[in-house]
Asker: 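The structure that follows is given in the form of structure tokens.
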Amino acid sequence: MKIVYIASSPHSGSTLLDLMLNGHSRGFTVGEIRQLPRFVGPEQLMKRCTCGAPSILECPFWDKVNTLVRERTGRTLSDLNIDSYRDLDACRRDNRILFEAVGAISGAAFVVDSSKDVQRLELLLSMPELDVLPIFLARNPKGQILSMTRSGERKQRQFAGLSGLIGFYSYQNSKIDRLVRNRPHFRVRYENLVRNPVAVLSPLMQSIGLEYEPQQQNFAVHERHNVGGNRMRRKTSNELRLDESWRRDLSFFQKVAIDIGTLPGRYAFRKQRPRIGAGR
Ligand SMILES: [Zn+2]
């Protein structure tokens, strides 16, 4: 089983790509699985599964995964260390246990992890027993940054101000580029995915070793139990609309500042090397 890992900045369209990959008959998404502890921990900071189950542990899919993990290890999903790097050996072991159980229950040829986080990708790539294909996803920085400023989430406060967001875009893209550039991976530009999904998904599926299926565009109707991600993961419509409100809502000077400031990040994404597919 292959693990397809989406690495990107926040607000770059990872939920859409995640759902389109889940739409493949041989694919299955676990979403932003690094957030699993928030769903299964004692406090249950987040609850509902995307399938509609009131909690992850009441979801038929995750219940089976939980039972299998217990049978194999004597522990449960809430005992697994998925996202704490203080004990790297335990974190690697528990992620392997999780992926093996998800693979066994889903029967999928590839599982999508859209955690986005670079540190997590680094961890998974350091495990030779896992077959990981990184997907480097990037969005036009003007759209990504405007979307960040509109969201009330933690990341946005952390990088408050336009210059912070501009720096974060370049920092994040450069970090992903450094990690993936010398290994097989695939680059996707979000705008191209929305404008022409077939042109992006066909070579992307080939890099996974499978053929594109038209039903991937009916992403909203497929069963899904992904964890985390934005509201789009609950969508019931397949309609695609490119949000280009930045053209209207950013001032001329903001656009110029973003264009100049994000040059290093845009350059890091555009760099093209041999053996690499490109959906752009
Ligand atoms: Zn579910």
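Small disclaimer: the values here were computed from a predicted structure and weren't measured.
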Asker: If we ignore angles and hydrogens, is there a donor and acceptor under 3.5 Å between the side chains of Arg150 and Ser245?
Answerer: yes

Asker: Can you confirm whether the side chains of Thr15 and Asp18 place a donor and an acceptor under 3.5 Å from each other?
Answerer: no

Asker: OG of Ser78 to CG of Leu80: how many Å apart, nearest 0.5 Å?
Answerer: 8.0 Å

Asker: Would Leu88 and Ile82 show up in the same hydrophobic cluster when neighbours are defined by side-chain heavy atoms closer than 4.5 Å?
Answerer: yes

Asker: Can you see which heavy atom on Pro10 is nearest to which on Gln144, and at what distance?
Answerer: O-NE2, 2.9 Å

Asker: So, does His24 use its side chain to make a donor-acceptor pair with the main chain of Glu211 at under 3.5 Å?
Answerer: yes

Asker: Do Val194 and Val198 sit in one hydrophobic cluster, given that two such residues count as connected whenever their side-chain heavy atoms are within less than 4.5 Å of each other, even indirectly?
Answerer: yes

Asker: Is it true that the side chains of Arg224 and Thr29 contain a donor and an acceptor less than 3.5 Å apart?
Answerer: no

Asker: Is the shortest side-chain heavy-atom distance between Leu162 and Ile166 below 4.5 Å?
Answerer: yes

Asker: More than 12 heavy atoms of other residues, nucleotides or ligands under 6.0 Å from OH of Tyr267: is that the case?
Answerer: no

Asker: Between Ser202 and Ala199, is there a donor-acceptor pair closer than 3.5 Å when you use the side chain of the first and the backbone of the second?
Answerer: no

Asker: Can you hop from Phe253 to Trp246 via hydrophobic side chains spaced under 4.5 Å?
Answerer: no

Asker: Please answer: with hydrophobic residues joined when any side-chain heavy atoms are less than 4.5 Å apart, are Leu263 and Leu250 in the same cluster?
Answerer: no

Asker: Spell out, as yes or no, whether a donor-acceptor pair under 3.5 Å connects the side chain of Asn226 to the backbone of Gly31.
Answerer: no

Asker: Take Val180 and Phe186, measure what side-chain contact (heavy atoms from CB on, under 4.5 Å) needs, and give me the verdict at the end.
Answerer: CA-CA 9 Å; Val180 303; Phe186 199 89; over 6 Å; no

Asker: Judged by atom type as modelled, is there a donor-acceptor pair below 3.5 Å linking the side chain of Ser12 to the main-chain atoms of Ser14?
Answerer: no

Asker: Counting distance only, does the side-chain N/O of Lys142 pair as donor-acceptor with the main-chain N or O of Arg247 below 3.5 Å?
Answerer: no

Asker: Over all heavy atoms of both residues, which pair between Leu242 and Arg195 is shortest? Give the atoms and the distance, please.
Answerer: CD2-NH2, 3.6 Å

Asker: In Å, rounded to the nearest 0.5 Å, how long is the span from CD1 of Ile176 to CG of Leu121?
Answerer: 8.0 Å

Asker: To the nearest 0.5 angstrom, please state how far the CG atom of Leu16 sits from the OG atom of Ser114.
Answerer: 11.0 Å

Asker: Would Arg92 and Ser126 satisfy side chain to side chain donor-acceptor pair (under 3.5 Å), going step by step from the backbone distance to the final call?
Answerer: CA-CA 9 Å; Arg92 286 195 186 98; Ser126 75; 3.0 Å; yes

Asker: Could you state the interatomic distance from CE (Met1) to CG (Asp131), rounded to the nearest 0.5 Å?
Answerer: 9.0 Å

Asker: For residues Phe39 and Arg48, report the shortest heavy-atom separation together with the two atoms involved.
Answerer: CE2-O, 3.6 Å

Asker: Would you sort out whether Phe110 and Leu210 count as a side-chain contact (heavy atoms from CB on, under 4.5 Å), showing the intermediate values?
Answerer: CA-CA 10 Å; Phe110 69 97; Leu210 294 164; 3.6 Å; yes

Asker: Which value, rounded to the nearest 0.5 Å, describes the distance between Lys116 atom NZ and Ile6 atom CD1?
Answerer: 9.5 Å

Asker: With distance as the sole criterion, is a donor-acceptor pair present between the side chains of Ser115 and Asp113 under 3.5 Å?
Answerer: yes

Asker: Which heavy atom of Ser207 sits nearest to which heavy atom of Leu133, and what is that distance?
Answerer: OG-CD2, 3.7 Å

Asker: Just so I know, are the side chains of Leu68 and Lys64 near enough to count as touching, which here means a heavy-atom distance under 4.5 Å?
Answerer: no

Asker: Can you find a side-chain donor-acceptor pair between Arg183 and His185 that sits under 3.5 Å?
Answerer: no

Asker: Quick check: do Ile135 and Leu21 have side-chain heavy atoms less than 4.5 Å from each other?
Answerer: yes

Asker: Identify the residue among Asn140, Val200, Leu137 that makes a side chain to side chain contact (heavy atoms under 4.5 Å, CB included) with Tyr190.
Answerer: Leu137

Asker: With rounding to the nearest 0.5 Å, note down the distance linking CD in Gln215 to NE2 in His222.
Answerer: 4.5 Å

Asker: Would you say CZ of Arg93 has more than 12 non-hydrogen atoms from neighbouring residues, nucleotides or ligands within 6.0 angstrom?
Answerer: yes

Asker: Okay, side chain of Thr262, backbone of Ile258: is any donor-acceptor separation there less than 3.5 Å?
Answerer: yes

Asker: Do other residues, nucleotides or ligands put more than 12 heavy atoms under 6.0 Å from Lys175 NZ?
Answerer: yes

Asker: Tell me the closest heavy-atom pair linking Phe269 and Ala138, and the distance in Å.
Answerer: CD1-CB, 3.5 Å

Asker: One pair to check against salt bridge (charged side-chain N to carboxylate O under 4.0 Å, His left out): Asp177 and Arg270. What are the steps and the verdict?
Answerer: CA-CA 9 Å; Asp177 175 61; Arg270 285 201 179 126; over 6 Å; no

Asker: Could you point out which residue of Asp94, Asp89, Leu98 forms a side chain to side chain contact (heavy atoms under 4.5 Å, CB included) with Asn81?
Answerer: Asp94

Asker: Looking at every heavy atom in both Cys49 and Trp62, which two are closest together, and how far apart are they?
Answerer: SG-CD1, 4.0 Å

Asker: Between Asn22 and Glu223, does the side-chain contact (heavy atoms from CB on, under 4.5 Å) criterion hold? Intermediate values first, please.
Answerer: CA-CA 8 Å; Asn22 182 61; Glu223 178 182 333; over 6 Å; no

Asker: Between Asn95 and Arg120, do the side chains contain an N or O donor and an N or O acceptor separated by less than 3.5 Å?
Answerer: yes

Asker: Okay, side chain of Asn66, backbone of Thr76: is any donor-acceptor separation there less than 3.5 Å?
Answerer: no

Asker: Between Pro134 and Leu179, is any pair of side-chain heavy atoms under 4.5 Å apart?
Answerer: no

Asker: Hey, any chance Leu240 and Leu201 share a hydrophobic cluster, counting ILVMFWY side chains that come within less than 4.5 Å of each other, even indirectly?
Answerer: yes

Asker: So does Ile97 get a backbone contact from the side chain of Glu100, meaning a donor-acceptor N/O pair under 3.5 Å?
Answerer: no

Asker: Hey, is the main chain of Arg266 close enough, under 3.5 Å, to the side chain of Tyr169 for a donor-acceptor pair?
Answerer: no

Asker: Run Val65 and His225 through side-chain contact (heavy atoms from CB on, under 4.5 Å) and show every step you take.
Answerer: CA-CA 12 Å; Val65 173; His225 305 280; over 6 Å; no

Asker: Is the shortest distance from a Lys or Arg side-chain nitrogen in Arg70 or Asp79 to a carboxylate oxygen in the other one below 4.0 Å?
Answerer: no

